[in-house]
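What follows is a single structure, written as structure tokens, with notes after it.
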Amino acid sequence: QVQLVESGGGLVQAGGSLRLSCAASGRTFSNYAMGWFRQAPGKEREFVADISWSGGSTHYADSVKGRFTISRDNAKNTVYLQMNSLKPEETGVYYCAATTLFGAGLYEYDYWGQGTQVTVSS
């Protein structure tokens, strides 16, 4: 089992920044690729970014490329999502998730956090 706890969400004005953190416990963190997803009210959960086991490779949704940065610190069992130039339409609950398959689809993630709310005001 892997337990994931997100933090760092909050209310920010459009154009602002937030840094989300996801602390992992349980099994060996470096054995898992990690992803960030988000879900807006009334919409399906969507992929934001993922990062490989060592942190050497990443993927981003087209909508966040150049503005968001995913990173991880395996010594601290933590994955981060730095979000810059936030837009109101990016309001939603942000989830981190763990999988053994880098580049996995949403349904291939094995463990999920409870989510953290991000609200971007216009």
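Geometrically, Arg19 engages Tyr80 in a cation-pi contact, judged by NZ or CZ lying under 6.0 Å from the ring centre and within 45° of the ring axis. Judged by the 6.0 Å distance and 45° axis criteria, Arg72 is positioned over the aromatic ring of Phe29.
The minimum heavy-atom distance between Pro88 and Ser122, with the atom names listed, is CG-CB, 3.8 Å. Heavy atoms only, all atoms of each residue included: Val64 and Glu90 are closest at CG1-OE2, 3.9 Å. Pairing each heavy atom of Ser85 with each of Ser17, the nearest pair is N-OG, 4.3 Å. Between Trp53 and Thr99 the shortest heavy-atom distance is NE1-O, 4.5 Å. Taking each heavy atom of Gly8 and Leu18 in turn, the nearest pair found is O-CD2, 3.8 Å. Between Cys22 and Met34, the shortest heavy-atom contact is SG-CE, 4.4 Å.
A donor-acceptor contact shorter than 3.5 Å links the side chain of Thr91 to the backbone of Val120. Looking at Arg38, its side chain never comes within 3.5 Å of a backbone N or O of Gly92 through a donor-acceptor pair. Although no hydrogens or angles enter the test, the distance criterion places no donor-acceptor pair under 3.5 Å between the side chain of Ser30 and the main chain of Asn74.
From Met83, atom CE reaches atom OG1 of Thr69 across 11.0 Å, with rounding to the nearest 0.5 Å. To the nearest 0.5 Å, atom CG of residue Leu4 and atom OG1 of residue Thr78 are 10.5 Å apart. A distance of 11.0 Å separates NE2 of His59 from CD1 of Ile51, quoted to the nearest 0.5 Å. Expressed to the nearest 0.5 Å, how far CD of Gln82 lies from CD1 of Ile70 amounts to 12.5 Å. If you take OG on Ser63 and CD on Glu89, they are separated by 9.0 Å, rounding to the nearest 0.5 Å. For the atom pair CG (Leu81) and CD (Glu6), the distance works out to 11.0 Å, reported to the nearest 0.5 Å.
Remark: Ser25 pairs with Gln3 by the side-chain hydrogen bond (donor to acceptor under 3.5 Å, both in side chains) rule, at least two apart or across chains. For Lys43, the salt bridge (charged side-chain N to carboxylate O under 4.0 Å, His left out) test picks out no residue, with sequence neighbours left out.
Residues Leu20 and Val118 have side chains in contact (heavy-atom distance under 4.5 Å, counting atoms from C-beta outward).
Both Tyr60 and Trp36 are members of a single hydrophobic cluster when ILVMFWY side chains are connected at heavy-atom separations under 4.5 Å. A continuous path of Ile, Leu, Val, Met, Phe, Trp and Tyr side chains, each step under 4.5 Å between heavy atoms, connects Val12 with Phe68, placing both in one hydrophobic cluster. A chain of hydrophobic side-chain contacts below 4.5 Å, direct or via other Ile, Leu, Val, Met, Phe, Trp or Tyr residues, connects Val79 to Tyr111.
Counting side-chain heavy-atom gaps under 4.5 Å among Ile, Leu, Val, Met, Phe, Trp and Tyr, the cluster of Tyr107 also holds Phe37, Phe47, Val93, Tyr95, Leu106, Tyr109, Trp112.
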